[in-house]
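A quick note: this is a predicted structure, and the numbers were derived from the prediction, not measured. Note: hydrogens, waters and symmetry copies are ignored here, and every other heavy atom, side chains too, is used.
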Protein chains: 2
Amino acid sequence: MGDLRTVSHRRAVTRQRLVDAALGVFAEQGFGRTTVEQVCDRAGFTRGAFYSNFSSLDELFLAMWEQRSADMVSGLHTAFEERMPDQVGSVREAVEFALAVIPVDEDWYRVSAEFTAHALRTPGMRWVMAERERGIQRALLPVIERLLAMNGQEVVNRDALGQALVAVHDGTLVQCLVEPDDEVVHARRVDLFVLVVEAHTKESR
Amino acid sequence: MGDLRTVSHRRAVTRQRLVDAALGVFAEQGFGRTTVEQVCDRAGFTRGAFYSNFSSLDELFLAMWEQRSADMVSGLHTAFEERMPDQVGSVREAVEFALAVIPVDEDWYRVSAEFTAHALRTPGMRWVMAERERGIQRALLPVIERLLAMNGQEVVNRDALGQALVAVHDGTLVQCLVEPDDEVVHARRVDLFVLVVEAHTKESR
DNA sequence: CCCGTACGATACACGGGCGTATCGGATGCG
DNA sequence: CGCATCCGATACGCCCGTGTATCGTACGGG
């Protein structure tokens, strides 16, 4: 029987190297301008390797996005748990902690934005995105809830809070990326988060 | 001296037809996968016309985006003024009116998203985007302020409200586009707007 | 120890998009 | 009425990326 350490493992490794390379090229060139050769070059392969692992760039793009976004969510989950403070003195403090944990990754934003556009253009891909959004909320809402509980806050409407947080996160992220040196923009970002959180929580008795 | 009706007018017309065609192709194919020929075909020209008016697709993309976003802002401005109600009974009503005026244009969202990604990738283009954002707020905040005044609301912090509205608009728009049939998402969108507006206004004595 | 299998490299033919150079013809002016 | 100009069409050569078909080889099984 095939030894997993070698037989299929090597294949998985090259596949992974292709996926990793893809993120970089997509971020640099944009999805539509990325070529198979660029990805293979960066991964240290030739196109032979690519076509033996994927059938099209679209497929690679999807695989890369699904994997990275899943990794991001789980990474965020553990980061929250590991760095979770013993106590927080206010909602603002909780928000600031959370924003310190959530990376501001411009490359990833670019790729995400293009993926969203691509998904909206491709029937059936909306589901993938919607599912991912649900996954984000499912994974992160509990830890956020625990974080807020430290401040004696009880979440009132879980789903509404989740949707609002994602919307505010994404909406303000662009603004921060467009004007990276504007402190005011960042400060208002925090304010907006605080507002949203306070509107969706109450003091627990 | 050159008659503006003919001399440069014809040139401007073909240029405009190219710009208009570009929007459609960009929306359908994505920026990176759009070819000069596709744009020319849709506009009813050959590449000769293109290269006599633009030097690259990037240039056309930029021209198209600047024009369309400017048009959108001014169109919004007049739409607000023309359809401005005589009175509004609540902040929620004001928000609902505003959202009814602001078009949800998926094609335009796709193009915008890709343009943002493109701009973040192209040094110096951030400025263009930042300037556009300021333009949006400059043009729309006054009418929003008048709208809210009908309900006896006075805007407390103009700039913060502007930034928050744009962020919430963009952030929730994606959610609505990804799940177009989910009424709850739309309802929460309105809720979030109401929350933001109320947080940035006060009853004027 | 040898053979089969499959992974990834190499080779090849093809298509298509690009940019330029040249052309035709309409328009405006003297 | 004829000339100059300029816009958009046509024609050309070029490069690059694609996808497939073939090959070599290293690993795994018997």
* Report yes if a donor N or O on one partner sits less than 3.5 Å from an acceptor N or O on the other, where the partners are the side chain of Arg47(A) and the base of dG19(D); otherwise report no. => yes

Expressed as a whole number of angstroms, how long is the span from [X]:[atom1] to [N]:[atom2]?
X	N	atom1	atom2	answer
Gln16(B)	dC7(D)	CD	C1'	17 Å
Arg17(B)	dG8(D)	CZ	C1'	11 Å
Arg33(B)	dG17(D)	CZ	P	14 Å
Arg11(A)	dT5(C)	CZ	P	16 Å
His9(B)	dC7(D)	NE2	C1'	15 Å
Arg10(B)	dG8(D)	CZ	C1'	10 Å
Arg15(A)	dA6(C)	CZ	C1'	16 Å

* Structure fact -> Heavy-atom nearest nucleotide on DNA chain C taken for Thr35(B) and for Phe45(A); more 5' hit belongs to Phe45(A)

* To do: Check the angle between the aromatic planes of Trp65(B) and Trp108(B) and answer parallel, tilted or perpendicular using the 30° and 60° thresholds.
  =>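 Answer is parallel, since the angle falls under 30°.
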
* For Glu37(B), which contact category applies under a 4.0 Å heavy-atom criterion: base, sugar-phosphate, or nothing? ->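 It contacts sugar-phosphate atoms only.
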
Indicate yes or no for a side-chain donor-acceptor contact from [X] to the backbone of [Y] under 3.5 Å, with no hydrogens or angles considered.
X	Y	value
Arg126(B)	Leu177(A)	yes
Gln153(B)	Val91(B)	no
Thr14(B)	Arg11(B)	yes

* To do: For Gly48(A) and for Thr34(A), find the nucleotide of DNA chain D with the closest heavy atom, then tell me which residue's nucleotide is more 5'.
  => Thr34(A)

* Asked: Is the closest basic N to carboxylate O distance between Arg68(A) and Asp20(A) below 4.0 Å?
  -> yes

* **side-chain N/O Thr14(A) vs dC7(C) OP1/OP2, d < 4.0 Å** => no

* Asked: Where along residues 49-65 of chain B does a heavy atom fall under 4.0 Å from DNA chain C?
  -> Tyr51(B)

For residues 46-55 of chain A, dump all side-chain donor-acceptor pairs below 3.5 Å to protein atoms at least two apart in sequence or in another chain.
unit_1: Asn53(A); atom_1: ND2; unit_2: Ala49(A); atom_2: O; d: 2.9
unit_1: Ser55(A); atom_1: OG; unit_2: Glu59(A); atom_2: OE1; d: 2.5

* Asked: Do the non-hydrogen side-chain atoms of Phe61(B) and Phe115(B) ever get within less than 4.5 Å of each other?
  -> yes

